[in-house]
Student: 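First the structure, which I've put down as structure tokens, then a few questions once you've had a look.
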Amino acid sequence: EVQLVESGGGLVQAGGSLRLSCAASGFTFDDYAIGWFRQAPGKEREGVSCISSNDGSTYYEDSMKGRFTISSDNAKNTVYLQINSLKPEDTAVYYCAAEYRPGWGTCGTSDIVYDYWGQGTQVTVSS
């Protein structure tokens with residue numbers, strides 16, 4: 001059974017940091033890219049970043065460059081999203097997702113190509 005389990009969300013003051021984790025199981029991790037997405041209240045889901053597990057290549061949406069860092073621990077089948085200098089507008093449910101991508105180059109954050117999704121973790125940033 002494929003599972004993606006996010007953790008690490010919570011309530012944090014503006015300016016703080018969080019590290020979100022996405023633990024994957026049930027599939028061959030190295031054949032997949034893992035993406036992070038977020039959905040704020042009343043807004044559409046948007047892509048944040050992704051990482052291709054087989055070569056470690058990464059992609060960030062332009063608006064997410066600078067404060068967000070994605071990384072992967074393939075030995076643990078886990079992908080992390082470090083978020084620094086949090087802002088109230090970062091408040092959202094953050095989801096990770098997996099896309100089958102065995103050596104196909106750099107991933108992207110078009111959500112339609114992702115095969116599996118986690119349940120999300122809430123990040124709330126207070127001002």
Side-chain angles (χ1 to χ4, degrees):
E1 179 188 7
V2 172
Q3 281 195 316
L4 294 168
V5 180
E6 302 95 335
S7 62
L11 174 63
V12 63
Q13 287 189 332
S17 298
L18 282 175
R19 189 178 78 156
L20 308 183
S21 299
C22 172
S25 62
F27 58 90
T28 304
F29 190 74
D30 288 355
D31 286 342
Y32 282 75
I34 303 296
W36 281 99
F37 300 80
R38 69 182 188 182
Q39 188 165 21
K43 294 188 177 181
E44 292 188 354
R45 185 167 58 196
E46 63 177 339
V48 176
S49 179
C50 65
I51 185 166
S52 294
S53 300
N54 66 330
D55 65 2
S57 59
T58 61
Y59 171 84
Y60 295 89
E61 287 291 327
D62 286 343
S63 60
M64 308 297 174
K65 291 178 180 176
R67 297 188 298 116
F68 294 80
T69 303
I70 194 169
S71 62
S72 178
D73 184 340
N74 286 25
K76 296 182 178 180
N77 286 4
T78 299
V79 171
Y80 305 97
L81 183 70
Q82 177 73 35
I83 315 173
N84 297 327
S85 302
L86 279 156
K87 304 175 181 180
E89 51 263 44
D90 293 320
T91 295
V93 178
Y94 284 72
Y95 300 90
C96 66
E99 176 203 2
Y100 182 65
R101 196 173 191 87
W104 293 347
T106 305
C107 54
T109 54
S110 174
D111 58 3
I112 61 172
V113 304
Y114 282 80
D115 305 294
Y116 306 110
W117 290 82
Q119 293 301 305
T121 186
Q122 176 71 48
V123 172
T124 303
V125 184
S126 63
S127 56

Student: Between Phe37 and Tyr114, how do the two ring planes meet: parallel, tilted or perpendicular, split at 30° and 60°?
Tutor: perpendicular

Student: Ring pair (Phe, Tyr, Trp, His ring centres under 6.0 Å) with Tyr94: which residues, sequence neighbours excluded?
Tutor: none

Student: Hey, could you give me each pair passing salt bridge (Lys or Arg N to Asp or Glu O under 4.0 Å) that has a residue in residues 35-54? Not counting sequence neighbours.
Tutor: Arg38-Glu46, Arg38-Asp90, Arg45-Asp111

Student: Is it true that a side-chain atom of Glu6 and a backbone atom of Cys96 form a donor plus acceptor pair closer than 3.5 Å?
Tutor: yes

Student: Using the ring pair (Phe, Tyr, Trp, His ring centres under 6.0 Å) criterion, which residues pair with Tyr95? Sequence neighbours excluded.
Tutor: none

Student: How close do Thr78 and Phe29 get, counting heavy atoms only, and between which atoms?
Tutor: N-CZ, 3.9 Å

Student: I want to check something: taking the side chain as every heavy atom from C-beta on, are Leu4 and Phe27 in contact at a cut-off of under 4.5 Å?
Tutor: yes

Student: Would you sort out whether Tyr60 and Thr69 count as a side-chain contact (heavy atoms from CB on, under 4.5 Å), showing the intermediate values?
Tutor: CA-CA 9 Å; Tyr60 295 89; Thr69 303; 3.9 Å; yes

Student: With Glu99, which residues qualify under salt bridge (Lys or Arg N to Asp or Glu O under 4.0 Å), at least two apart?
Tutor: Arg101

Student: Membership question, hydrophobic clusters at under 4.5 Å side-chain separation (ILVMFWY): are Trp117 and Ile34 in the same one?
Tutor: no

Student: What orientation do Tyr100 and Tyr32 show, parallel under 30°, tilted 30 to 60°, or perpendicular over 60°?
Tutor: perpendicular

Student: Which residue pairs satisfy the salt bridge (Lys or Arg N to Asp or Glu O under 4.0 Å) criterion with at least one member in residues 117-127, sequence neighbours excluded?
Tutor: none

Student: Within a 6.0 Å radius of atom CD on Gln122, are there more than 12 heavy atoms belonging to other residues, nucleotides or ligands?
Tutor: yes

Student: What pairs meet the disulfide bond (SG atoms under 2.5 Å apart) rule with one or both residues in residues 97-127, with sequence neighbours excluded?
Tutor: Cys50-Cys107

Student: Taking all non-hydrogen atoms of both residues, which atom of Ile51 and which atom of Ser72 are closest, and how far apart?
Tutor: CD1-CB, 3.7 Å

Student: For Tyr80, is there any backbone N or O sitting under 3.5 Å from a side-chain donor or acceptor partner on Ser21?
Tutor: no

Student: Taking Val125's backbone N and O only, do any of them form a donor-acceptor pair with Thr91's side chain (distance below 3.5 Å, no angle check)?
Tutor: yes

Student: I'd like to know whether Asn84 forms a side-chain contact (heavy atoms from CB on, under 4.5 Å) with Ser17, so could you lay out the CA-CA distance, the side-chain angles of the two residues, the decisive distance to 0.1 Å, and finally the verdict.
Tutor: CA-CA 4 Å; Asn84 297 327; Ser17 298; 3.1 Å; yes

Student: Hey, any chance Val5 and Trp36 share a hydrophobic cluster, counting ILVMFWY side chains that come within less than 4.5 Å of each other, even indirectly?
Tutor: no

Student: Kindly indicate whether the side chain of Ser7, heavy atoms from C-beta on, has any atom under 4.5 Å from the side chain of Thr121.
Tutor: no

Student: If I compare all heavy atoms of Pro88 with all of Ser127, which pair ends up nearest, and what's the gap?
Tutor: CG-CB, 3.9 Å

Student: For Gln13, does the CD atom sit with more than 12 other heavy atoms under 6.0 Å from it, leaving out its own atoms?
Tutor: no

Student: Would a distance-only check, ignoring hydrogens and angles, find a side-chain to backbone donor-acceptor pair under 3.5 Å from Arg67 to Ile83?
Tutor: no

Student: Begin with the C-alpha distance, continue with both residues' side-chain angles, and end with the deciding distance and a verdict on side chain to side chain donor-acceptor pair (under 3.5 Å) for Asp30 and Ser53.
Tutor: CA-CA 5 Å; Asp30 288 355; Ser53 300; 5.5 Å; no

Student: Could you report the tightest heavy-atom contact between Ser126 and Leu11, atom names first, then the distance?
Tutor: CB-CD1, 4.3 Å

Student: A side-chain contact here means heavy atoms from C-beta on lying under 4.5 Å apart; do Ile70 and Tyr59 qualify?
Tutor: no

